[in-house]
Amino acid sequence: MLADPLPTDPHAVLNEVFGYTAFRGHQAEVIEQVISGGDALVLMPTGGGKSLCYQVPAIVRHRAGRGVAVVVSPLIALMHDQVGALEEAGVHAAFLNSTLDAAGAQAVERELLSGRLVMLYAAPERITHPRFLAMLDSLRERGQLSLFAIDEAHCVSQWGHDFREEYLQLGLLAERYAGVPRIALTATADAHTRADIVERLQLQQARTFVSSFDRPNIRYTIVEKDNGRAQLLRFLRDEHEGDAGIVYCQSRKKVEETAEWLNAEGLNALPYHAGLDADLRRRHQDRFLREEGLVMVATVAFGMGIDKPDVRFVAHLDLPKNIEGYYQETGRAGRDGEAADAWMAYGLADVVNQRRMIDESTAGEEFKRLQVGKLDALLALAESLDCRRQRLLAYFGEDTAPGYRCGNCDNCLWPPERWDATEAARKALSCIYRFHQHSGIGYGAGHLIDVLRGKSTDKTRERGHEQLSTFGIGAELSETQWRGVIRQLIALGHVASEGEYNTLVLTASAREVLRGEVTIELRVPREPAPRSRGGRTRGATAGRAAKPALHLDTDAQQRFEALKAWRGEVAREHNLPAYIVFSDATLRQMAAEAPDSLSALAGVSGVGAKKLEAYGPEILRVLGDLR
Ligand code: ADP
Ligand code: ZN
């Protein structure tokens, strides 16, 4: 049937194999660079389309007789699915990692040496194993080593939190296989990590491609925590019923409690943290990838390489350590480019905890200072009254015009009301000062608020605090407002919280506030988010937000459901996640257009030649049954 030679033009390959019509962003340039034999360093946000940057060159070079591409990835759990996706698209691929038994590994090695294989995924420790290097040597001698792709390249840097010892060894590929193009890819953008990658992987000659790190389809929302659980539940019920998503918590205990509680509330939630045994973790991850609409409640142990494209929300019940962490975690939402939410509840206790964790760590002073600086940047984001996206981008060195409004964050969509809290801040600070003056010790936020509001308690009486000049000077503000003031003062570093009892103490900069040299503006605490059910798509028309999902009328919706059911069967049969067979977006387009011929079906984005051949008749039958 295929009398024509297979295309070797990158664009034709994109079309024929992946069923897409155009390259995105820097893809075309990167691909050109690698095909022509050069090295590349690719910095692209999650969901930007990094995989095609090495997959297309691998296919093109294999078709040109240049052998196999070796893809280094630390994500053993995902190799099976990645290889499955390629095989579905008609590209011969395999993986080598510790999940294979000896016979399985030998079979892959035979394929590798046979020349048939287009791509081999391998764990880093495999690649640098002498036995494997010997095989690569032999391929290299025969001109059958087409390229190296090093995915998640930031793992080579101790700077980030994903450091892998084995990645350091990968530097040897540069000399040993000089002339074989190497492409390193990561979604971690900061300059320090980048420099580490260049140096340790010896990519001094590589062309660097830096994409914008903006994720326009992600809506950022940071709410003030009063009852985190209740707020989370409201968010899940109102906006993400039946959606897949991740809820991040700081501790293992909280992960388990939250998952249990969500289940009791009728949601489908699973826990994931490093304390669960490996087998259970694998099962939970697998279910999250394969089933629809699961909520994963997890610590940061869950995440790297979760390339499930239809994660519709990432929620934080606790404050992450810094903006890098926040951005990486929230970045797992909406890889498919459709509308997704990054939601976080944040409160006084979060600020106190994070500050204390740094204080109490055994790290050196310089490291601590660095951590404090990073936390401060995240706190400024959480407290900010202006566009969240602008702040995020600025943090990663991307400037936007002054007054920029993204139209797809809480502050842009529902500009917060502000109030001048300068006077209130001064009252709080002088009350803290009085405590020390009067009792020689400090007190926590709860007691401070009682005193400010003039609330008589056992403690205020016993300590004689009702006689303080500051007793009752802040009766006009609610407890919530006071918590906001204190949180902000800690976030801004005018107050520190110390010791086992979270005692509040003034810092050097408090004096400036007391003297009235600094004004403090706070947002007026908001009532539950002013959104309605299905609010997720409402703002989607604003600014540069995600394209709204294709609207389906009743008939089309019925076709979509039928196609999803069919896809589910295929996925089960092939032991692959459903989105690898076809994405939701592809099925939705099929449902909307209801193609009645193979050639019409071929026009749907995401339908390549192999899938058309394998599934076309079936899809036409499913659609035809509903006609
Ligand atoms: P990353 O690894 O950068 O997070 P992926 O490579 O997983 O991103 O790509 C994200 C999604 O975008 C995938 O579903 C992929 O098929 C899709 N995609 C990538 N490039 C294109 C393109 N040029 N046209 C259409 N879809 C694309
Ligand atoms: Zn905004």
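Counting begins at 1 with the first residue of the sequence. First listed ligand is number 1; within each ligand, the first listed atom is number 1.
You'll find the side chain of Val295 stays beyond 4.5 Å of the side chain of Leu270, heavy atoms only. Side chains of His192 and Asp196 form a contact here, defined as non-hydrogen atoms less than 4.5 Å apart. Side-chain contact between Tyr326 and Tyr248 is absent, with no heavy atoms from C-beta onward closer than 4.5 Å. Two residues are said to be in side-chain contact when any heavy atoms from C-beta on lie closer than 4.5 Å; Phe23 and Val56 meet this criterion. Looking at Asp9 and Val60, their side chains never come closer than 4.5 Å, going by heavy atoms from C-beta outward.
In this view, Asp310 and Lys308 satisfy the salt bridge (Lys or Arg N to Asp or Glu O under 4.0 Å) rule, not counting sequence neighbours.
Taking atom 9 (O) of ligand 1 as the reference point, the nearest protein heavy-atom neighbour is Gly49 CA, 3.5 Å. Among all non-hydrogen protein atoms, the one lying nearest atom 10 (C) of ligand 1 is Gly47 O, 3.7 Å. Atom 12 (O) of ligand 1 has its closest protein heavy atom at Arg24 NH1, 3.2 Å.
Distance check, rounded to the nearest 0.5 Å: NE2 of His316 to CD of Glu329 gives 4.0 Å.
No heavy atom of Met44 sits closer than 4.0 Å to any atom of ligand 1. Remark: distances from the non-hydrogen atoms of Pro45 to ligand 1 include one below 4.0 Å. In this structure, Leu52 counts as a contact residue of ligand 1, since one of its heavy atoms falls inside 4.0 Å of the ligand. Contact between Ser583 and ligand 1 is absent, with no heavy atom of the residue lying under 4.0 Å from the ligand. By the 4.0 Å heavy-atom criterion, Gly48 is counted among the residues contacting ligand 1.
Within the set Arg335, Lys308, Gln55, Gln27, the minimum heavy-atom distance to atom 2 (O) of ligand 1 is found for Arg335.
Cys409 contributes SG and Cys406 contributes SG; the angle these two atoms make at the Zn ion (ligand 2) is 110°, rounded to 10°. Vertex the Zn ion (ligand 2); arms to Cys412 SG and Cys387 SG; angle rounded to 10 degrees, 100°.
Considering backbone and side-chain N/O of Phe23, none are found under 3.5 Å from N/O of ligand 1. Taking only nitrogen or oxygen atoms, main chain and side chain alike, Tyr20 reaches within less than 3.5 Å of ligand 1.
Under the 4.0 Å distance rule, the nearest protein heavy atom to atom 15 (C) of ligand 1 falls inside the cut-off.
For ligand 1 and Thr46, the ligand atoms under 4.0 Å from any heavy atom of the residue are 4 (O). Taking every heavy atom of Ser51 and a limit of under 4.0 angstrom, the matching atoms of ligand 1 come to 2 (O), 5 (P), 6 (O), 7 (O). Residue Ala22 has at least one heavy-atom neighbour below 4.0 Å for each of these atoms of ligand 1: 22 (C), 23 (N), 24 (N).
For Arg405 (side chain) and Asn411 (main-chain N/O), a donor-acceptor pair under 3.5 Å exists by modelled atom type. Judged by distance alone, with hydrogens and angles left aside, the side-chain atoms of Asn217 form a donor-acceptor pair with the main-chain N or O of Gly334 at under 3.5 Å. In terms of modelled atom types and a separation under 3.5 Å, the side chain of Tyr167 and the main chain of His154 share no donor-acceptor contact.
Side-chain N/O atoms of Glu88 and Tyr615 include a donor and acceptor closer than 3.5 Å.
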